[in-house]
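Below you'll find the structure, written out as structure tokens, and then a few comments.
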Amino acid sequence: MTELYSEQELVRREKIMKLLSLGVNPYGEKYAVTHHAAEIISRFDALEGRLIALSGRLMTIRSHGKASFANLQDESGQVQIYLRQDEVGEESYGIFELLDIGDLLGVSGEVFRTRRGEVTVSVKKWSLLAKALRPLPEKWHGLTNVDLRYRQRYLDLIVNPEVRKVFILRSKIVQGIRDYLNNRGFLEVETPVMHTLAGGASARPFATYHNALDMGLYLRIATELHLKRLIVGGLEKVYEMGRIFRNEGISTKHNPEFTSVEIYQANADYEDMMVLTEELVSSVAFSVCGSMQLDCQGQTLDLTPPWPRLTMLEAVKKFAGIDFREIGTAAEAVPAARQKGLTVKDGTPRGEVINEIFEEFVEPHLFQPIFILDYPVEVSPLAKRRGDDPAMTYRFEAFLGGSEVANAFTELTDPIDQRLRFEQQLSRRAAGDEEAHMMDEDFLQALEYGMPPTGGLGIGVDRLVMMLTDSSSIRDVILFPTMRPRE
RNA sequence: GGGCCAUUAGCUCAGUCGGCAGAGCACCUGACUUUUAAUCAGGGUGUCGGUGGUUCGAGUCCACCAUGGCUCACCA
């Protein structure tokens with residue numbers, strides 16, 4: 001017994017040799033398909049007695065000697081087929097007996113209903129489109145090994161029908177976002193994925209190298225700074241949906257590459273972005289899921305706008321019992337945080353302390369849609385300062401199902417303040433914070449030509465898809481999540 | 001990176017106190033022309049994740065390693 005192949009693989013390889021000796025190509029030509037499985041069942045009354053053709057994967061075989069039943073699965077679902085020796089002929093039936101579960105077939109025949117009421121295709125002609133050399137996972141439990149499901153997603157898609165639904169839904173969500181924005185005059189643009197400077201977010205980038213130019217490059221961690229350059233350039237409503245890369249840990253909410261959509265609108269501010277966010281999300285949910293009330297981790301998430309708004313200071317006061325309007329300095333803020341049990345380094349700026357308390361004591365309580373407004377300037381280096389409180393910015397995040405789904409602000413257009421913010425980030429970088437922003441002179445130069453007042457919004461598409469498909473892990477909404485290679 | 005858990009047949013999983021490696025599906029042989037988790041009669045197909053160790057004897061106990069899951073940390 002060779003160790004290369006399992007018994008079942010050997011058997012299937014032998015069957016290929018038999019097929020070839022019978023003059024059958026195990027990897028056949030395209031089959032002229034007229035219908036899909038689900039359609040044959042749903043439109044049975046119109047199709048009964050008619051000749052149709054479909055192709056799909058053989059999922060079950062029930063052989064009765066000189067006749068066989070089987071189930072054929074295509075993208076739409078499964079339909080039963082029925083094959084009789086006296087219908088297709090002895091030779092054809094003999095070849096059918098060399099088939100295995102997993103093989104790809106094209107069949108044509110007449111639609112009828114069996115005694116037991118099952119809509120079935122009575123096969124008159126069929127051909128082999130692809131012989132499967134490996135057996136499929138078990139038909140009742142499907143593939144549950146999470147590792148294998150992600151590594152061999154094609155198997156997951158074949159044997160777990162609900163997985164296919166999630167990814168079809170994802171595609172519709174992405175299309176729905178595009179439709180919504182395109183219909184409102186936004187221009188979809190494409191900006192570089194490889195950056196000489198990784199900016200626009202606090203994250204560690206992936207580094208790569210360009211040989212001909214002899215220089216290092218980073219994969220983008222955000223699309224923000226290029227899209228704002230386009231606003232400077234006079235494009236008033238732009239967006240980009242695309243892949244972002246962050247060199248960080250992997251979790252049920254984080255994949256190293258993920259999809260964001262960033263939206264920028266000139267002559268707008270974060271108030272406009274709030275309306276845009278709740279309308280975009282709720283209308284996409286309605287068009288894709290048919291409802292604004294979603295099942296989400298055993299609870300009902302109601303996306304009907306308008307969503308409540310709470311400032312970060314109000315939220316912190318409400319859930320942590322600390323009123324930062326009365327705590328104006330870092331020297332006071334740090335002990336207040338420690339009193340709540342947080343470990344905070346000496347010299348942590350007030351804004352960062354507020355943010356940490358928010359994340360620790362407020363975020364776990366958020367489930368229904370809510371906008372948290374007015375983030376501290378220290379954690380918002382690209383957002384405009386509030387006119388009434390320069391320590392805070394016109395920034396909000398939208399939380400859905402307890403997860404941050406959108407981040408937006410009235411953009412900082414003042415090049416002098418922007419330079420100051422970058423310098424503050426640089427000093428944090430010098431202090432060892434690898435996620436602090438880098439100085440982007442090229443971007444500052446663009447701002448110095450003048451940028452109109454602008455509202456900007458970023459939405460984590462994967463997390464939105466998680467919400468709308470009730471998925472608890474980001475890996476369940478990414479076809480091929482990042483994995484360590486096997487062996 | 002820390003903690004906990006998992007890894008046994010192609011797949012889903014059992015495996016008691018350390019004593020011959022098991023079941024269902026799939027697969028193989030045979031029967032069967034309306035079955036549908038088809039049925040009936042027979043067949044076990046295996047580097048028990050890897051490497052060491054303890055032991056008369058290890059799937060089982062110990063150590064280390066690998067991969068994955070959950071979780072904490074980190075991070076939007």
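Computed over heavy atoms, backbone and side chain alike; hydrogens, waters and symmetry mates excluded. To find a chain, count down the sequence lines: A is the first, B the second, and so on, and within it residues start at 1.
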Quiz item: Can you tell if the side chain of A:L366 reaches within under 4.5 Å of the side chain of A:E404, non-hydrogen atoms only?
Solution: no

Quiz item: Distance between the C1' atoms of B:C13 and B:U7, in whole angstroms?
Solution: 12 Å

Practice problem: Provide the distance between the two C1' atoms, one in B:G52 and one in B:A37, to the nearest whole Å. | Solution: 45 Å

Quiz item: Does a nitrogen or oxygen in the side chain of A:R475 sit under 4.0 Å from OP1 or OP2 of B:G69?
Solution: yes

Quiz item: Can a side chain N or O of A:R62 be found less than 4.0 Å away from OP1 or OP2 on B:U36?
Solution: no

Quiz prompt | B:C13 OP1/OP2 closer than 4.0 Å to side-chain N/O of A:T144 | solution = yes

Exercise. Would you kindly check if the NZ (Lys) or CZ (Arg) of A:R13 is within the cone defined by 45 degrees around the ring axis of A:Y5 and under 6.0 Å from the six-membered ring centre?
Key: yes

Quiz item: Which whole number of Å gives the distance between the P atom of B:G59 and that of B:A66?
Solution: 23 Å

Quiz item: For A:D147 and B:A66, what is the distance between atoms CG and C1' respectively, to the nearest whole Å?
Solution: 12 Å

Quiz item: Quick one: what's the B/S/- string for nucleotides 25-30 of chain B, heavy-atom cutoff under 4.0 Å, read 5' to 3'?
Solution: BBSS--

Quiz prompt | Interatomic distance at C1', B:G19 relative to B:G15, whole Å | solution = 14 Å

Exercise. Determine the stems involving RNA chain B; a stem requires 3 or more consecutive pairs of the Watson-Crick or G-U wobble kind, each with both distances below 3.5 Å, and the answer is none if no such run exists.
Key: B:1-7 with B:66-72, B:10-13 with B:22-25, B:27-31 with B:39-43, B:49-53 with B:61-65

Quiz prompt | C1'-based separation of B:U60 from B:A21 [nearest Å] | solution = 12 Å

Quiz prompt | Rounded distance in Å between the P positions of B:U29 and B:U67 | solution = 41 Å

Self-check item: Same-atom distance (P) from B:C4 to B:U47, integer angstrom
Solution: 31 Å

Atom pairs under 3.5 Å, N or O on each side, protein against nucleotides 32-34 of chain B: can you list them with distances?
residue: B:C32; atom: N3; partner: A:G65; partner atom: N; Å: 3.2
residue: B:C32; atom: N4; partner: A:G65; partner atom: N; Å: 3.4
residue: B:U33; atom: OP2; partner: A:H64; partner atom: O; Å: 3.3
residue: B:U33; atom: OP2; partner: A:K66; partner atom: N; Å: 3.3
residue: B:U33; atom: N3; partner: A:D86; partner atom: OD2; Å: 3.2
residue: B:U33; atom: O4; partner: A:D86; partner atom: OD2; Å: 3.4
residue: B:U34; atom: O2'; partner: A:R115; partner atom: NE; Å: 3.2
residue: B:U34; atom: O2'; partner: A:R115; partner atom: NH1; Å: 2.8
residue: B:U34; atom: O2; partner: A:R115; partner atom: N; Å: 3.0

Exercise. Take atom CD of A:E359 and atom P of B:C75, then tell me their distance rounded to the nearest Å.
Key: 8 Å

Quiz prompt | Quiz item: cation-pi between A:R153 and A:F480, 6.0 Å / 45° | solution = no

Using distance only, find each side-chain donor-acceptor pair of residues 352-362 of chain A under 3.5 Å and give its atom names and separation, not counting sequence neighbours.
residue: A:E352; atom: OE2; partner: A:R428; partner atom: NH1; Å: 2.8
residue: A:N355; atom: ND2; partner: A:E359; partner atom: OE2; Å: 3.3

Self-check item: Sorted by number, the residues of residues 252-264 of chain A with heavy-atom contact under 4.0 Å to RNA chain B
Solution: A:T252, A:H254

Scan the side chains in residues 57-65 of chain A for donor-acceptor partners under 3.5 Å anywhere in the protein, sequence neighbours excluded, and list what turns up.
residue: A:R57; atom: NH1; partner: A:G102; partner atom: O; Å: 2.8
residue: A:T60; atom: OG1; partner: A:R62; partner atom: NH1; Å: 3.2
residue: A:T60; atom: OG1; partner: A:N71; partner atom: N; Å: 3.3
residue: A:T60; atom: OG1; partner: A:N71; partner atom: OD1; Å: 2.8
residue: A:R62; atom: NH1; partner: A:N71; partner atom: OD1; Å: 3.2
residue: A:R62; atom: NH2; partner: A:N71; partner atom: OD1; Å: 3.1
residue: A:R62; atom: NH2; partner: A:Q80; partner atom: OE1; Å: 2.6

Quiz item: Expressed in angstrom and rounded to an integer, what is the separation of A:N71 atom CG from B:U35 atom P?
Solution: 14 Å

Quiz prompt | Residue of the set A:E240, A:E262, A:K228 for which side-chain hydrogen bond (donor to acceptor under 3.5 Å, both in side chains) holds with A:T223 | solution = A:E262

